[in-house]
Amino acid sequence: MFTMLEWFGFGFNQFGQITPIVSGKEKILLPQKIQTCNEFTEEVTENKMKLTKSHAEQAEAEETRARDCGGQPEATESRATESNWRARVSENRGLERSNLYCEADNTIRVSWSRRATLHRAKHSTCSKSHGDKGGICLYGFCSSSCGQSICLCTPKLHDCLDAMISENYLVVKFKDKIESWNIEEEENNPIWSMDITPSFMGDLPLAPGGYVVAKPPFYKSINMPISAKKLTLGEEHVVLLSTDGTVYTWGLGSHGQLGHGTLESQLDPLAVEALHGLKMADVSAGSWHSVCISDGGDIYIWGWNESGQLGLPSRCLQIRDNQRDSGEADMTDIERTEGNMHEEDSLAIFISIQAFPALLDVPGGIEFIKMSCGSRHTAAVTCDGDLYTWGWGKYGQLGHDSIQSVDQPKRVEYFAKQQFYVQHVVCGAWNTFAQVSKRDPPKK
Amino acid sequence: MSSLWEKVRRTLPSSEVEFVLDFSEKVDQSVIFLLNKAKQLLYSDEKTAECLQTSEAILDYSWEKLNTGTWRDVDKEWRRVYSFGCLYKAASLCQTEAPGNVYQALKICDMGLLMGASIMDNILGRVVKVLVNEKAVKKRSTEEEEKESFNIKKQKTECWLLPDIRPEVEVLKIHKPSMEHFRKKFLIPEQPIIIEGIIEHWPAFKEHQWSIKYLREVAGCRTVPVELGLRYTDEEWSQTLMTVNDFIDKHIINQEKYGIGYLAQHQLFDQVPELKQDIRIPDYCCLGKGDEEEITINAWIGPAGTISPIHQDPQQNFLAQVVGRKYIRLYSPDETERLYPHKTQLLSNTSQVQVENPDLDQFPDFANATFQECILYPGEVLFIPRSYWHYVRSLDISFSVSFWWS
């Protein structure tokens with residue numbers, strides 16, 4: 001019996017990285033099934049493009065875009081020709097079956113303007129261009145197609161095991177090496193490469209003796225003998241989880257993201273003393289905050305709380321709430337409500353920086369098993385399949401059908417109501433992707 | 001009679017083609033794409049909502065870049081991107097006539113001026129000029145003004161509450177020394193001195209006598225950074241943004257209710273050109289190495305009771321007092337050990353000791369530190385040599401201007 005797994009996404013979609021853009025869909029406020037290469041049905045015949053009826057709408061949208069960009073019909077044609085770097089995906093045979101295999105064993109990696117879907121070699125009858133060798137499909141920004149691409153793959157990425165993406169680079173891990181590629185430039189060779197032994201344990205960004213980053217110089221060494229289980233990167237700091245459950249942090253500390261109780265930077269890994277004695281099972285880093293989950297399912301969190309991403313009371317949210325509709329408030333309205341707020345809440349405590357780990361305050365009985373961080377939001381999965389999100393919400397990345405930011409963990413009701421069991425969560429800078437299965441039997 | 005949009009439109013290059021977007025490779029292609037898209041939408045005149053949407057994404061992304069690393073490390077290109085985002089957003093808001101939009105647009109231009117970098121020969125300054133002249137900008141009634149004058153007069157510190165200045169430690173005063181005299185006797189030996197008679201000719205004392213009323217007229221609806229809390233070394237200290245009117249309302253008039261606020265160390269004169277015309281750079285600054293553009297001019301505006309803890313700055317300083325009095329204490333760099341500077345990177349230029357209530361158990365040697373002190377009056381300029389430790393407390397509502405030069 002297969003478990004049908006699907007990916008849903010919500011949040012920033014300006015470049016069509018979740019679903020193709022139609023007007024008004026630059027932000028997605030409720031979880032939507034993401035577009036995958038399997039659903040894009042298109043036949044490539046020689047140098048012509050033929051689109052099937054079911055995707056006529058999509059084609060129309062593309063044509064309009066092509067016109068807006070000064071009419072570049074060549075763009076669609078060049079996509080049809082085979083080149084080393086760009087190839088069109090086409091497959092609509094055995095759609096259901098390949099969905100099952102494909103969705104079950106793909107993974108999502110997200111940068112600000114793109115989303116990458118990894119198709120691993122062992123399970124793949126998913127598409128013509130991937131064949132049975134696997135590959136990477138990129139969705140989102142593509143400079144040559146007026147800002148949106150459906151799919152971008154290269155035969156050289158067959159047999160890929162893992163990947164990381166940034167705005168400009170794609171870092172890919174194979175059995176025996178790690179390479180980095182320039183995303184926008186048409187190149188036949190990676191711009192950087194390092195050999196690894198097949199026995200190396202550790203997911204990206206971990207690498208032998210250090211870790212990789214998706215920008216030059218691509219590799220950074222760790223000069224301390226730590227047995228690393230997982231490593232995660234913030235905008236200006238690093239969080240590492242060792243095999244014995246200790247959390248180490250280093251980098252810039254000006255937003256309290258290192259958790260050592262100060263705003264000082266650290267050049268080398270330093271264990272977070274406040275967590276001494278607690279064994280951590282997972283770690284994740286946002287741009288300026290750090291999160292970890294203990295063996296017992298508790299979340300500890302620290303760093304910048306300017307949008308409530310720590311789940312602690314945030315001053316900015318009080319002021320934003322009082323402004324009601326963002327952007328339209330008259331200056332005098334703001335004055336009045338701020339004045340009132342000050343009188344009533346003179347005892348209210350707001351936290352903008354939390355330099356020591358704090359235990360996340362959640363309703364009793366909730367145990368978390370997985371989490372991921374965007375630039376200023378956090379998403380976590382509970383052991384019974386619920387997804388909770390909190391922090392910055394302006395682009396709908398919290399999935400609560402709103403653009404409000406939230407400073408305490410809130411369940412994404414969509415999945416609960418639709419009887420979806422959340423298996424996994426991956427965040428991009430301003431969006432969130434959840435992998436779900438159907439609950440059977442349904443939960444009350 | 002032109003509409004608001006027509007006036008703003010005239011500040012922009014007349015055609016889309018002339019609107020040049022030029023960035024280094026540091027700026028991601030995806031952002032360049034949005035910058036071009038927003039420009040297209042802006043010039044199409046009627047895609048306001050879409051243009052706003054796109055400019056928000058540009059603003060939010062560049063804001064994140066501005067908050068990465070130390071402020072010094074932030075690439076100027078990202079500050080330029082931020083300014084373009086502000087320009088697009090402010091201009092789009094002006095496409096619709098609505099009362100709140102002028103204020104909103106003005107605030108956004110100010111954000112661009114505060115955090116961004118100059119674009120298109122200071123186009124944001126030109127847009128501001130259009131906006132401040134709009135009728136939507138409210139004027140206060142004479143009744144309100146009179147009530148306010150009364151409240152302000154109450155804040156003057158009475159003479160019996162002033163700190164006692166002992167003559168043997170009082171900073172000396174000199175009247176308008178010659179360049180050579182100043183250089184030889186004070187600049188080279190790094191000796192503090194109060195200079196009289198060199199700023200009385202400023203328009204700030206004459207045609208545009210600076211006052212709360214004048215400040216409201218010339219900069220009331222402008223957004224400025226304000227420091228909240230007693231000292232920047234306190235835990236509860238924070239920085240925030242508000243309009244000058246708000247700042248005056250809350251932290252100068254109603255200080256008891258809202259607490260201390262200080263418009264401190266802000267380059268207000270770049271933001272409000274009218275105020276720049278009210279001051280002059282002291283002639284003695286040309287004894288320095290750099291040229292005029294390299295001199296940093298800061299405004300310091302606040303109620304009675306604002307405190308700057310003992311600290312040192314890496315440049316020479318002329319502190320010109322325009323309104324109100326300030327109590328100032330000075331310690332030579334030789335006394336550094338006795339001032340117990342903070343050990344952290346962030347505050348290594350600041351002493352841990354609270355000058356007017358020192359903890360001598362924790363900082364015993366502070367009692368042995370020799371110092372000079374003074375009350376600085378309107379019309380006087382204090383020369384604070386580079387690296388000289390100084391502590392400042394305002395005794396009245398105070399407007400000061402500092403000139404940092406090398």
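Sequence lines set the chain letters: A, B, ... in the order given, protein chains first and strands last, and positions in each chain run from 1. FYI, side chains are in, hydrogens and waters are out, and symmetry mates aren't considered; it's all heavy atoms of this structure.
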Considering non-hydrogen atoms only, spot the tightest contact between [X] and [Y] and give its length.
{"X": "B/Ser30", "Y": "A/Trp112", "value": "OG-CZ3, 3.6 Å"}
{"X": "A/Glu236", "Y": "B/Asn67", "value": "OE1-O, 4.0 Å"}
{"X": "B/Thr54", "Y": "A/Gln14", "value": "OG1-NE2, 4.1 Å"}

Which portion of A/Thr262 sits near chain B, non-hydrogen atoms under 4.5 angstrom =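 Interface part for A/Thr262: neither.
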Test side chain to side chain contact (heavy atoms under 4.5 Å, CB included) on B/Asp28 and A/Phe141 and set out the steps.
-> CA-CA 11 Å; B/Asp28 308 305; A/Phe141 177 67; over 6 Å; no
When only pairs under 4.5 Å are counted, which of B/Asn36, B/Ile32, B/Asp60 shares the most heavy-atom pairs with chain A?
->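 The candidate making the most pairs under 4.5 Å is B/Asp60.
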Rounded to the nearest 0.5 Å, what's the gap from NZ on B/Lys26 to CG on A/Asn168? Could you check?
->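 Output value for this atom pair is 12.5 Å.
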About how many Å separate OG1 of B/Thr344 and CG of A/Leu263, when rounded to the nearest 0.5 Å?
->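 Going from the CG atom of A/Leu263 to the OG1 atom of B/Thr344 covers 8.5 Å.
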I'd like to verify something: which residue of [options] has the highest number of heavy-atom pairs under 4.5 Å with chain B?
{"options": "A/His255, A/Glu235, A/Lys27", "value": "A/Glu235"}
{"options": "A/Ser375, A/Ala429, A/Ser254", "value": "A/Ser375"}
{"options": "A/Trp430, A/Phe12, A/Trp304", "value": "A/Trp430"}

How about B/Glu18: does its CD atom have over 12 heavy atoms from other parts shown lying under 6.0 Å from it?
->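 Correct, the count exceeds 12.
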Any side-chain donor-acceptor pair under 3.5 Å between B/Glu64 and A/Trp288?
->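 Their side chains do not contain a donor-acceptor pair, so the 3.5 Å distance test is not met.
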